[in-house]
Visitor: 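Just dropping this structure here.
Since this is a predicted model, take the numbers as computed values, not measurements. Order of the sequence lines fixes the chain letters, A, B, ..., with proteins taken first and strands second; residue numbering starts at 1 for each chain.
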Amino acid sequence: MKFQQIDQFAANLRADTRESVHSGSKAGHEKRTSVLFDHYADPNRLRQIAGEIKQHVVENLDTYLPAVEARLQANGVIVHWASTAEAANEAVYSILQARGAKKMVKAKTMVSEETELGHFLEKRGIECVETDLGEFIIQIDGDHPSHIVKPIIHKNRREIATSFERHGLGAYNDDPETITRRARAHLRHKYLEADVGLTGANFVVAESGRIVLVTNEGNSRFCLAATKCHIAMIGIEKILPRDRDLGLLLNLLARSGTGQQLTVYTEFIRGPKAAPQEDGPEETHVVFVDNGRSEVLASDCREILRCIRCGACLNVCPVYRQASGHAYRSVYPGPVGAVLSPLLAGKQFPELADLPKASSLCGACNEVCPVNIPIPDLLLRLREKGKREGSEAAAAATPPMGAWSVMATQPAAWKLAMFGGKIMNVLPAKYIPVPALQAWQAKRTLPAWRGGAFRSWLRTRAQPAADVRSAKSEG
Amino acid sequence: MLNHERPPITQRRVQLMATCLCDAFYDDVARATVEVLEHLGVEVEFPEGQTCCGQPAFNGGDWEASRKVVRHTVRTFSGDLPVVVPSGSCAAMLFHGAPLEFEKESDRASVEALGRRTWEVLDFIVNGLGITSWPGRYDAKVAFHRSCHSRGTGTGEAATRLLGSIAGLTVAPFGEGEQCCGFGGTFSVSFPTISSAMGGLKLDHIRAVAPDALVSADMSCLMHLGGLAEKEGKPIKVLHAVQVLRDALRQGGLI
Amino acid sequence: MSSDRDSILSRVRSALAPLPERAALPDWERELVIMRNARGAVDAVALFSERLVLVNGTPLTSAADLVALLEKNGWRRGYCDPALWPGLQAAFPATFTVETLFDRSRVDDYQFGITAAAGGIAETGTVILTDGGTSRRLAALAPWVHVAVLSRRTIFVDVPEAVAALGSDPNIIWCTGPSKTADVEGILIEGVHGPGIQVALLVD
Ligand code: SF4
């Protein structure tokens with residue numbers, strides 16, 4: 001029997017990769033939890049309010065988008081709009097062309113992963129260097145990130161050392177400090193030579209037009225200190241209403257993502273630098289990217305647009321820990337990805353409709369999400385959509401429910417089945433041609449079938465349960 | 001909170017939803033539920049036509065099939081008595097899952113009404129009846145697995161409170177309690193590798209505290225964990241929390 | 001591109017049109033996000049120093065201490081904001097080479113950079129830099145050591161207070177400890193692209 005793709009991926013995953021992913025995400029979750037509960041008496045209250053703020057934004061994007069555009073323009077920012085990934089890449093490319101730019105440094109942005117901006121620009125002769133250490137390693141390996149916050153959670157130091165050696169960054173040395181120093185030395189010249197710095201944004205505030213960026217390494221700051229042109233690619237859902245909401249969201253983002261009170265560098269950008277400051281962009285561009293988000297907004301899963309990409313749901317997710325990020329075959333892995341990726345896929349939804357199946361629906365993701373997204377409910381809605389649209393990927397290894405539902409609506413048939421199930425006590429599983437049963441028995445034993453035993457106990461015991469009919473007449 | 005606001009318990013009469021797992025495999029759990037409730041002076045009705053809460057198809061994405069079963073359940077559990085279920089997962093199906101799949105249905109109100117009067121049994125005892133300590137005696141060290149479908153409900157706390165109050169009983173805490181056991185309904189058979197790996201991690205934590213028994217409020221988790229352990233040739237004893245409550249009454253000579 | 005703008009906005013409008021009502025914007029009390037052990041802090045300066053240490057930063061209270069730190073580690077070449085240099089120069093022995101112009105073609109020549117901070121946040125041990133107040137963005141970032149000269153009077157108690165005071169500077173950056181990464185096997189390494197040593201020199 002063909003199992004679900006993500007389960008097959010997990011079955012074939014190298015043991016050391018699984019160990020890296022498992023220990024990295026477990027550590028992330030534990031740090032997040034201890035810090036949040038140590039710092040706040042009731043972190044769940046923070047999550048709830050943050051969720052309400054973001055839900056408000058999502059449901060009022062029609063007014064917030066023009067408002068934030070006007071604010072940005074008043075601050076001297078040039079605003080672009082891109083419906084699709086291609087349009088977003090074209091928008092960036094045309095800014096580069098207008099400046100005659102040939103080299104770009106890029107801080108981590110998930111949106112540019114969605115649009116595959118790096119490949120797009122490289123094909124057009126633009127050097128495009130990832131500057132986040134993890135993303136840089138992904139780039140020299142031709143790999144893909146496997147975690148929203150820790151892109152190389154799946155790699156160990158030996159693999160990284162080998163990549164550095166192959167890329168001409170010194171002889172093999174797997175000491176993490178040496179690796180970091182070599183990246184520092186290599187990348188700082190890339191910043192200084194670059195014409196343009198490209199970043200994403202964690203938030204953009206409607207009230208002030210502030211673009212807010214957080215990094216721990218300081219790479220986005222370097223992009224904004226060394227280059228003369230800043231481009232921020234921003235998903236249309238990244239808005240916050242008021243500056244003061246940053247006080248809540250920044251506190252939650254850092255603690256949820258990395259267990260810090262604040263990320264090391266939190267940058268608030270209102271536009272191009274002002275004299276007498278010498279360093280920094282003379283030109284600031286914002287590219288608002290839709291790329292499927294407006295469709296998500298139209299769906300019954302729009303809550304996922306609250307997401308602030310903290311990665312907490314990945315860290316806590318037992319399925320992610322076993323399968324790793326690449327199992328999700330998309331930019332966004334883990335619980336958030338299982339909802340967002342199939343939705344962003346648009347017409348390709350059926351191909352990714354198995355992602356929402358990759359969950360025991362345990363609810364841990366919802367319990368940690370800083371914006372309180374009801375991820376399990378959204379996974380369920382997408383399972384229903386996958387079934388309704390007849391996705392093969394979603395249907396794989398899913399027991400058919402037709403016969404069951406007939407039985408479960410007819411008490412007489414149900415009782416008969418309860419009795420008939422006893423066959424399992426005598427017949428070895430391999431002779432019972434029910435795939436689900438065989439899959440169960442491959443890993444676990446089945447308890448003895450005792451169908452109907454409770455009902456006959458009720459009937460025959462000395463003190464019978466109250467009779468339904470007489471109960472009603474009293475009630 | 002997943003729980004709806006529920007009307008206060010004013011009379012000592014309930015409807016028992018035994019769950020399909022207890023109907024098929026775990027008759028003693030359903031029986032213990034009856035015995036425990038009756039010990040508390042609660043009269044138990046058992047609507048004979050009951051089958052399943054509808055969860056397997058709901059989780060599998062086949063909402064059409066699931067809704068048929070939920071409608072059957074709504075009809076079977078008519079009236080306004082509290083419905084008590086020895087399963088956090090089936091209870092959550094009725095007060096959370098079913099309303100979700102009935103969002104656009106015209107008979108949504110009747111489904112929601114059933115959800116509002118549905119209680120997981122431990123939650124019912126502690127938060128419905130207001131009983132916070134348990135008499136009798138049970139000499140054992142147990143590990144309590146907080147099943148995932150009791151997240152956001154009163155069940156986990158109710159269970160630890162009741163179990164913790166039993167003379168002779170220690171509840172041994174174990175690591176990573178928030179992690180799922182890996183059952184997940186059809187997930188257990190469509191993702192057997194991940195499901196069993198999750199169960200293995202859970203068993204490692206549980207075995208580390210060497211309990212006499214593993215206790216939970218959901219037989220589905222226990223069927224999975226117990227089955228994994230037995231397949232490995234290292235079986236562990238599994239008990240529903242109501243079985244422990246009932247056995248404590250027995251050992252204390254109270255029933 | 002204007003067509004993309006219109007089509008996005010029109011898709012957004014039609015996506016939202018069927019909603020019977022829109023979620024309201026909640027208000028929230030700033031108390032909600034104040035760390036419990038920072039509530040009611042009376043001595044913001046003491047709290048700042050304590051918290052800066054927790055994020056592996058280095059609070060100092062005199063130019064002499066700063067010189068001693070630099071001396072001990074052999075960091076004798078650096079940059080200083082020209083406006084700050086007259087006040088600090090006396091403490092620096094002749095063995096130091098301190099430039100008041102930052103030459104970006106020689107970023108690696110500067111082992112330290114001394115710039116002015118616009119403020120601090122006690123609760124988090126954060127140093128606030130602004131474009132208006134910081135002479136050079138690069139000088140506060142590229143050298144191994146960043147020394148932020150911070151007036152005790154400009155330290156906010158908590159994050160909401162600092163947010164409320166953001167103002168209109170085109171670029172504000174909060175620095176909470178040294179630059180760091182945990183990308184390689186989750187092991188903490190400081191000094192990735194920015195400073196490996198973050199000093200706050202507290203002045204009156
Ligand atoms: S869904 Fe929630 S927990 Fe997951 S990345 Fe987004 S904000 Fe974080």
Visitor: By a 4.5 Å heavy-atom criterion (distance strictly below it), what part of A:His189 contacts chain C: side chain, backbone, both, or neither?
Guide: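 The side chain, not the backbone.
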Visitor: Taking side chain as everything from C-beta outward and backbone as N, CA, C, O, which of these in C:Ile172 sits under 4.5 Å from a heavy atom of chain A? Side chain, backbone, both or neither.
Guide: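 Looking at C:Ile172, backbone and side chain both touch chain A.
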Visitor: Can you list the residues of residues 192-204 of chain C that sit under 4.5 Å from chain A, counting heavy atoms only?
Guide: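 Residues of residues 192-204 of chain C touching chain A at under 4.5 Å: C:Val192, C:His193, C:Gly194, C:Pro195.
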Visitor: Sequence neighbours excluded, which residues qualify as side-chain hydrogen bond (donor to acceptor under 3.5 Å, both in side chains) partners of C:Asn171?
Guide: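 In terms of side-chain hydrogen bond (donor to acceptor under 3.5 Å, both in side chains), with neighbours along the sequence ignored, C:Asn171 is linked to A:Arg221, A:Glu267.
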Visitor: In terms of side-chain heavy atoms, does C:Arg137 have a donor or acceptor partner in C:Thr115 at a distance below 3.5 Å?
Guide: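 Note: C:Arg137 and C:Thr115 side chains miss the donor-acceptor criterion.
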Visitor: Measure C:Leu166 against the heavy atoms of chain A and call it side chain, backbone, both or neither at under 4.5 Å.
Guide: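 It is both, since atoms from each part get that close.
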Visitor: Between A:Asp243 and A:Ser208, is there a side-chain donor-acceptor contact under 3.5 Å, judged purely by atom types and distance?
Guide: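 Yes, because at least one side-chain N or O of A:Ser208 sits under 3.5 Å from a partner of the opposite role on A:Asp243.
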Visitor: So which part of A:Tyr64 gets closer than 4.5 Å to some heavy atom of chain C, the side chain, the backbone, both or neither?
Guide: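 When you check distances to chain C, only side chain atoms of A:Tyr64 fall under 4.5 Å.
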Visitor: Between the side chains of C:Ser135 and C:Tyr79, is a donor N or O closer than 3.5 angstrom to an acceptor N or O?
Guide: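 The criterion, which ignores hydrogens and geometry beyond distance, is satisfied for C:Tyr79 and C:Ser135.
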Visitor: For A:Ile211, which atoms come within 4.5 Å of any heavy atom of chain C: side chain, backbone, both, or neither?
Guide: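 Neither part, no heavy atoms under 4.5 Å.
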Visitor: List for me each residue that meets salt bridge (Lys or Arg N to Asp or Glu O under 4.0 Å) alongside A:Arg244, sequence neighbours excluded, and say none if there are none.
Guide: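 Salt bridge (Lys or Arg N to Asp or Glu O under 4.0 Å) list for A:Arg244, sorted by chain: C:Asp27.
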Visitor: Checking side-chain polar atoms at under 3.5 Å, does A:Gln55 have a donor or acceptor matched by the opposite partner on A:Arg306?
Guide: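 On atom types as modelled, these side chains qualify, holding a pair under 3.5 Å.
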Visitor: Check each atom of A:Arg182 against the heavy atoms of chain C and say whether the ones under 4.5 Å are side chain, backbone, both or neither.
Guide: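 No part of A:Arg182 comes within 4.5 Å of chain C.
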Visitor: Heavy-atom distance under 4.5 Å to chain C: side chain of A:Val58, backbone, both or neither?
Guide: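 Just its backbone gets close to chain C.
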Visitor: Heavy-atom distance under 4.5 Å to chain A: side chain of C:Leu138, backbone, both or neither?
Guide: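 For C:Leu138, the contact with chain A is made by backbone and side chain together.
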Visitor: Is A:Asn251 in contact with chain C via its backbone, its side chain, both, or neither, using a 4.5 Å heavy-atom distance?
Guide: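 Answer is side chain: those atoms of A:Asn251 sit under 4.5 Å from chain C.
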Visitor: Please determine whether side-chain hydrogen bond (donor to acceptor under 3.5 Å, both in side chains) holds for the pair A:Thr258 and A:Gln260, giving the CA-CA distance in whole Å, both sets of side-chain angles, and the decisive distance to 0.1 Å.
Guide: CA-CA 5 Å; A:Thr258 48; A:Gln260 293 166 278; 2.5 Å; yes
Visitor: What residues form a ring pair (Phe, Tyr, Trp, His ring centres under 6.0 Å) with A:His39, not counting sequence neighbours?
Guide: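 If we apply the ring pair (Phe, Tyr, Trp, His ring centres under 6.0 Å) test to A:His39, skipping adjacent residues, there are no hits.
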